[in-house]
Q: 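Here it is: the structure, laid out below.
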Amino acid sequence: MKNTYFTAGPAQMYPTFEKHLQTALNEQLGSISHRSQKFRDIYKFTVEQLRQLMNIPDTHGIFFAGSASEIWERILLNCVEHESFHLVNGSFSKKFYEYAVSLRKYAHLLEKPFGQGFDYAEVEVPEYAEVICATQNETSAGVQMREADIHKLKRSNAKKLIAVDMVSSAPHPALDFSVVDTAFFSVQKAFGLPAGLGVWIANDRCLTKAERLQKYEDNSIGAHHNLPVLWKNYEKYETPATPNVLLIYLLGKIAEDLNQIGAETVRKETEDKAKMIYKFLENSDLYNTFVKEDRHRSRTVIVANCQKPSADIIAQVKKQGMIVGSGYGAFKDSQIRIANFPATSIEQVEALLKVL
Ligand SMILES: *Cc1c(COP(=O)(O)O)cnc(C)c1O
């Protein structure tokens, strides 16, 4: 029997993954040159599908990296000369901040306890911060920052850039890319693909900044995949180095499948499943919802406090062919995390709740 994965990444494969993988094998995509027209067509197709699915305008280029955490470094190198500002409320947002410190940036930090979220009104951005780094979905704690708060934060700091980590929620958040300068995700989360591809969306303002920083003698934007090089290649639908052609192809095909269902329908299904899960937790004696404020509750990664040790619950659920994640860090033994990605159907979620 095959397991159903409710883990936050790597996660359940999207139902059409196998079919598209077989096509990729039949077409020998593992062997094609990344300087061929065939590859340029694949890159272009994936970009077009993502633009449609996530409403990404032509002002933004779409680039590929090895993983999302690589993109943290790219953004800090290419868009920050001296100062960055980080909203931190869990392990992933903390790491983004730590990358900035490692890169010798002056990194400002607004930190909240695990499980709490940020609202626009309480965030004061330091005067000289060049980039605001927000994590739309903090995977470790199951906390989201609402799109409207992200947009307001940027609108009231229009001269600064805003970078949005949407790694474990894309394509769910309806980000307004007329205000979001850069955002990124990786494919092993809500797109239901194997790990190994990060996707970086960045606008011309990020490019202009990188080009300016590149000219400074005492500053480096990095040798590997800096934004001006990525952009120059992207204009021809090429990549600076040999890319993960297979995953770029598969991402385009999954995005096409989601477009056929319709972005709004996919979004609504995710909302409906999230409501089901949260309602179950509220009504249960064995669990309760970790994140107290509804507006901060992630729609795609749901964290529950457990009465029993989480290892027992995880083992019990596994016997029924379902895999849920443990809590993160210090919450490993007292929490479970349930991913709510498009790859798992309402029926599969119902089956999980029954066992829980
Ligand atoms: C998983 C995750 C990352 C890191 O992604 P990788 O592909 O493992 O580099 C970054 N941010 C968030 C919020 C994540 O969930």
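Positions are given from 1, in the same order as the sequence printed here. In each ligand, atom 1 is the first atom listed, and ligand 1 is the first ligand listed.
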Q: Provide the number and element of each atom of ligand 1 under 4.0 Å from a heavy atom of W72.
A: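 Close to W72: 10 (C), 11 (N).
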Q: Report yes or no: do E81 and N219 form a side-chain donor-acceptor pair below 3.5 Å?
A: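 Not at all, the side chains of E81 and N219 share no donor-acceptor pair under 3.5 Å.
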Q: Using salt bridge (Lys or Arg N to Asp or Glu O under 4.0 Å) as the criterion, point out the one residue from K209, K160, R205 that pairs with D181.
A: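 For D181, the salt bridge (Lys or Arg N to Asp or Glu O under 4.0 Å) check succeeds only for R205.
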Q: Side chain or backbone of E70 under 4.0 Å from ligand 1, or both, or neither, by non-hydrogen atoms?
A: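 It is neither; nothing of E70 touches ligand 1.
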Q: Would D41 and Q37 count as having a side-chain donor-acceptor pair, cut-off 3.5 Å?
A: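 On atom types as modelled, these side chains qualify, holding a pair under 3.5 Å.
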Q: Can you tell which part of Q188 has a heavy atom less than 4.0 Å from ligand 1: side chain, backbone, both or neither?
A: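 Within the 4.0 Å criterion, Q188 contacts ligand 1 through side-chain atoms alone.
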Q: Check each of T135, N137, D165 against atom 11 (N) of ligand 1 and report the one with the nearest heavy atom.
A: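 Of the listed residues, D165 has the closest heavy atom.
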Q: Measure from NZ or CZ of K94 to the centre of the six-membered ring of Y328, then state whether that distance is under 6.0 Å and the direction lies within 45° of the axis.
A: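 Not satisfied by the 6.0 Å and 45° rule.
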Q: Below 4.0 angstrom from a heavy atom of S168, which ligand 1 atoms are there? Numbered from 1 as shown, please.
A: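 Ligand 1 atoms under the 4.0 Å threshold to S168: 15 (O).
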Q: Are the ring centres of Y128 and Y106 closer than 6.0 Å?
A: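 Not close enough - the centres of the two rings lie 6.0 Å or further apart.
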Q: Give yes if a backbone or side-chain nitrogen or oxygen of V167 is under 3.5 Å from a nitrogen or oxygen of ligand 1, and no if not.
A: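 So ligand 1 has no N or O lying under 3.5 Å from an N or O of V167.
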Q: State plainly whether the residues K19 and D257 are in salt-bridge range, i.e. N to O under 4.0 Å.
A: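 No, this pair does not count.
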Q: With a heavy-atom distance limit of 4.0 Å, tell me whether S69 approaches ligand 1 through its side chain, its backbone, both, or neither.
A: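 Contact part for S69 vs ligand 1: both backbone and side chain.
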Q: Looking only at protein heavy atoms, which one is nearest to atom 15 (O) of ligand 1, and how far off is it?
A: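 The answer is T139 OG1, 2.4 Å.
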Q: For K189, state whether at least one heavy atom is located under 4.0 Å from any atom of ligand 1.
A: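 Contact check K189 vs ligand 1: positive.
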Q: Is it true that K44 and E48 have a side-chain N and a carboxylate O under 4.0 angstrom from each other?
A: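 Salt bridge between K44 and E48, a charged N being under 4.0 Å from a carboxylate O: yes.
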